[in-house]
Amino acid sequence: MQWISRGKMFNYKNALVLSFFLIGTQVAFAQNDLPPTFKPTPSPTPKLSSVLTKNLEVTTEVSRERREQALAKLMEGQRYIWGAGRLRTQSGVPASIKLAKTAFLKAVELDPNLAEAYTALAEIASQTDLEESILLANIATKLNKDNFGGHRMLARLYTIQSGLSDDKLDAGYTEKAINSWKEIARIDPRNAEAWAFLSRFYSKMDKQADNIEALRKWLASSQPIDANFYRKYTGEQDLTPEGASVKLGDAFLKSGKDKEAVEVLSRAIAENPQDAEAFELLNRAVTNADDETASKAIESLQQAAFANPENLILIDLLARLQARAGRTEDAANGLKKAIAKLSSSSKESGAELLVSLSEIYLEAGKNDDAITALEDSLKLREIDSTPLVTDDSRNFALRVYEKIIQIQKNVDRFAEAKLTIERSRKVFGKDDFFADNQLISLLQENGKKQEALDVVRNLRKKFPLENGLLRTEAIILTEMGKVDEGVALLKPLTEKATVGTQLEFDKFNNLIFISSLYNDARRGKDAVLSAKQALAIANTDEMKQVANLMLATAQEKAGDFKGSEETLRGILKVTPNNAVALNNLGYFLAERNERLNEALELIQKALKLEPANASFLDSLGWVYFKLNNLVEAEKHLKDAARKSPTSPTVNEHLGDVLAKQGKNELAKASWQKALALSSNSEQVTRLKLKLKK
C-alpha cells in the first residue's frame, strides 16, 4: 500500500503516523488500523480545496447569526470525530467521519472565514490525500496566521515528506517543515513538540548552535498534552522537557562545549540516577573538563549518590570523577565503603567495584595497590578456589587476569607476569587458550621471538585445525623479518576452491590478513596486490569497504599517496560516516604535513562517531603536534595512552610531544616504553636514535 503526492511515495510507517492526526483521536479508516489506499485517478470533479478557495474570492460579510451557526456545526463535527474514536468496531468509523466532514463543510458554508473548519477538513483529508490536506491547512493559516491547528498540520505533513527519519533530507520540504514548526513556537513559545522537532532537524543538518538553542527552549517548555505523533514518528517515548537534558548535553559535547555538557548532564543524573545514556555522556564530557567544572559535577553526583546508595554505576562514576580531579583518596575511600557493604550481600557487585578501584589506583601510578585490588576481586568471587562453572565467572576471571598481567608487563615484571599466567592456566584448564595467548604475547613484547614461536608451534601440533594459531605464527615470523615464511603458511588457504559463502569469506579474510603482514613488513607493493585480490572477490558492501581500507593503507606504505587518498575518498563518497576512513585519511595527511586543517576536521569527525577510539585519539594528538598545538596534543595522546597502553605508536608520539615541550625525562620514559613494545625494525631504529640524542 502506497500513497502518492507530487510523485513522492509514502509507506506504511508514514501512513500509520498520519492516523494520529485526527482531533484528539487515533482513528484509522480501514481494517487492521491501516489507512485506505489513495488512488489518484483523473476526475472531472474539482478538488475540495479548489472549490473552497474560489468561494473565498466572492465571500461577503458574514452575520453574527451565521457565525454562531458555523461554530455550532464545527462543534458538531468534532463530536462525531470524538465519537469515532470511542467506537469498538471499525464498521461505524467511516460513517462517523462522513458525518463529521458534512458538518465541517456546512460550517465553512455558513462562515467561509472560519479557519478551524478548514483545519478539521485538512485532518480528515490527511488520511487519503496529503496534497489536499496541505492545501486545506494552508487556507486555514492564511485566514488566520495564528491558527495553531493549521500550522501543526503543515508541520507534521512537511516533516513526514522531509525524510527526517531517513538518511537524506529533502531540502524543500525540510525548509517548509522548519518554518511551520517555527510558527507553532511563535504562537506557543513553550510548545515541546515544536522545539523537539526543530532540534532533530538542526541536529541532522549539523547546525549545532541552532540545535542547542532549540534544546534549551525544549527544556523550558510546558508538559506536552499530545505526544502521539512525536512518539510514533521518532520511536522515542519521552517528549517531556526533562527528555531534552541528555540531548542538550550531547549537543554541547559535539560542539566542544565540555563545561556546559558537564553541568547539564550532572543535573540530569542527579534527577535520574538510572539514566545510562547520561552516565556515558558525562564520562566522556569530564575527560576534557577543567578542574572547576569537574568539581561541580562531583558535588551533583555526591548528592545523587547519597540519595541512591545502591546505585553502583553512580558510585563508580563519582569515584572516577574524584580521581580525575586528583582526589584519589576520596575516590578510593568511597569505593571501599561501598565494597564493604556489598561483600556479604552481593559478591559480584563488590568484585566489580574492586576492579574500578584498581583502575583508579592505576591512574594514580599505584601499581601495587591496583594489583592488590584485582587479586581481592578474585578472592571475593572465589575464583582461585572453585572451578569456573559459569560463563559469567569465566568472563570475569579472564578480564581480571588480563589486567593483572598487563600491569605487570607495563612495569617490566616479566617473572611475575609469567607466574600469574601459570596461575591462570590452573583456573581455566588445560584446553583453554588464554594462558598460552598471554604467554606468547609476553614473550613477543620482551623480544623473545623464538621462544614465542616455539610455544605456538607446539600448540599447533596439539591443535592442528586451529587457524588462529596459524595466524599467530605468521605474525611472529613477520616480526622476525621472515614475512615470506609467514605468508607461505596462509597461502594454501587462499588457493583452495571456494564453494559456499563461508569458504569465500575465509579466503577473503586470509587475503586481507596477508596484506596486513606485508604492510607490517614494509612490503607495500605486495600488500597492495593482496588487498586488490581481496577486493576482487568481495561480494558485499562491507567486504568491499574492508578491502578498500586495507588497499589505502597498503598504497600509503608503498608511496602511492595519490592512490591512497583517492581510495579513501572513494569510501567516504559512498559512506560519508565511515569513521576508519575519516581517521586514516586525516592521519595520512598529517603524516605528510599536508592540509593539516582538513586533517584535523576529518579526525574530529571520526571521533564524534567513536569518541573512545584510542587510534583516533592518537591521530588527533598527532595532528595537533603537527599544528604545534602541544597542549592539545599532549592531552589527547595521554588519553590515547590510557586507553591503549601497549601501543608503541601512541607511546612514541607522546614521547615526541613531551620532548618538544622540554619534558625530557618524561619523553625518555615514553620512548623506552615504545621501544619495549615495538617489533618493527624501522621504529626500533628510530626510537634508539631518539633515546641516544
Side-chain angles (χ1 to χ4, degrees), residues 3-6 8 10 14-15 17-27 29 35 38 40 46-57 59 70-71 73-74 77-78 80-81 97 100-109 111-164 170 172-188 191 193-194 197-198 201 225-226 228-230 232-233:
W3 298 356
I4 304 176
S5 179
R6 285 189 182 172
K8 204 170 177 77
F10 290 85
N14 290 337
V17 171
L18 284 166
S19 70
F20 283 86
F21 273 11
L22 289 179
I23 304 171
T25 68
Q26 297 176 16
V27 179
F29 290 86
F38 170 61
K47 292 275 189 180
L48 176 61
S49 57
S50 299
V51 174
L52 295 178
T53 300
K54 288 182 179 178
N55 288 344
L56 282 169
E57 294 173 359
T59 297
L71 285 171
K73 280 295 177 182
L74 177 66
Q78 289 173 338
Y80 284 128
I81 293 293
I97 299 302
K101 184 175 181 180
T102 300
F104 294 143
L105 285 171
K106 186 63 178 176
V108 169
E109 180 186 338
D111 182 1
N113 296 315
L114 184 59
E116 289 79 4
Y118 295 95
T119 300
L121 289 168
E123 289 174 335
I124 291 176
S126 70
Q127 298 298 311
T128 54
D129 189 339
L130 297 183
E131 186 62 32
E132 178 73 347
S133 179
I134 288 172
L135 291 170
L136 289 166
N138 269 311
I139 294 174
T141 57
K142 286 177 182 176
L143 287 170
N144 179 3
K145 67 176 183 178
D146 294 331
N147 183 267
F148 180 87
H151 286 299
R152 186 175 66 176
M153 173 62 65
L154 291 172
R156 290 176 174 180
L157 288 172
Y158 289 145
T159 295
I160 290 173
Q161 292 177 309
S162 71
L164 180 62
D170 180 292
Y173 284 119
T174 294
E175 183 181 1
K176 290 178 180 179
I178 289 174
N179 288 337
S180 295
W181 287 119
K182 283 182 177 179
E183 283 296 296
I184 293 171
R186 177 185 63 79
I187 297 167
D188 179 10
N191 186 278
E193 184 182 24
F197 271 111
L198 285 169
F201 275 112
I225 298 173
D226 175 15
N228 284 328
F229 176 76
Y230 179 82
K232 193 71 179 178
Y233 186 79

Does a side-chain heavy-atom distance below 4.5 Å link [X] with [Y]?
X: K47; Y: D129; value: yes
X: I184; Y: F148; value: yes
X: Y80; Y: T102; value: no
X: L114; Y: V108; value: no
X: E131; Y: L135; value: yes
X: I187; Y: H151; value: yes

Kindly give the heavy-atom pair with the smallest separation between [X] and [Y], and that separation in Å.
X: T141; Y: N138; answer: OG1-O, 3.0 Å
X: G150; Y: A137; answer: O-CB, 3.9 Å
X: G149; Y: T119; answer: C-CG2, 3.4 Å
X: R152; Y: D226; answer: NH1-OD2, 3.6 Å
X: S180; Y: Y158; answer: OG-CD1, 3.6 Å
X: S133; Y: A122; answer: OG-O, 2.7 Å

Check ion pair R156-E193 (N to O, under 4.0 angstrom) = yes
Kindly compute the distance separating [atom1] ([X]) from [atom2] ([Y]), expressed to the nearest 0.5 Å.
X: N179; Y: R186; atom1: CG; atom2: CZ; answer: 12.0 Å
X: Q161; Y: K176; atom1: CD; atom2: NZ; answer: 8.0 Å
X: E123; Y: L136; atom1: CD; atom2: CG; answer: 11.0 Å
X: I178; Y: E183; atom1: CD1; atom2: CD; answer: 13.5 Å
X: E175; Y: D170; atom1: CD; atom2: CG; answer: 10.5 Å
X: N113; Y: N144; atom1: CG; atom2: CG; answer: 10.5 Å

For the pair F229 and F197, name the ring-plane relationship: parallel under 30°, tilted 30 to 60°, perpendicular over 60°.
->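 Answer is tilted, since the angle falls between 30° and 60°.
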Please confirm whether the backbone N or O of [Y] pairs with a side-chain atom of [X], one donor and one acceptor, at under 3.5 Å?
X: T159; Y: A155; result: yes
X: E132; Y: L48; result: yes
X: Y118; Y: P112; result: yes

Please report the C-alpha distance between D111 and L74 in whole Å, then the side-chain angles of each, then the deciding distance to 0.1 Å, and finally whether the side chain to side chain contact (heavy atoms under 4.5 Å, CB included) criterion is met.
-> CA-CA 10 Å; D111 182 1; L74 177 66; over 6 Å; no
Given side chain to side chain contact (heavy atoms under 4.5 Å, CB included), test Y173 with I160 step by step and report yes or no.
-> CA-CA 9 Å; Y173 284 119; I160 290 173; over 6 Å; no
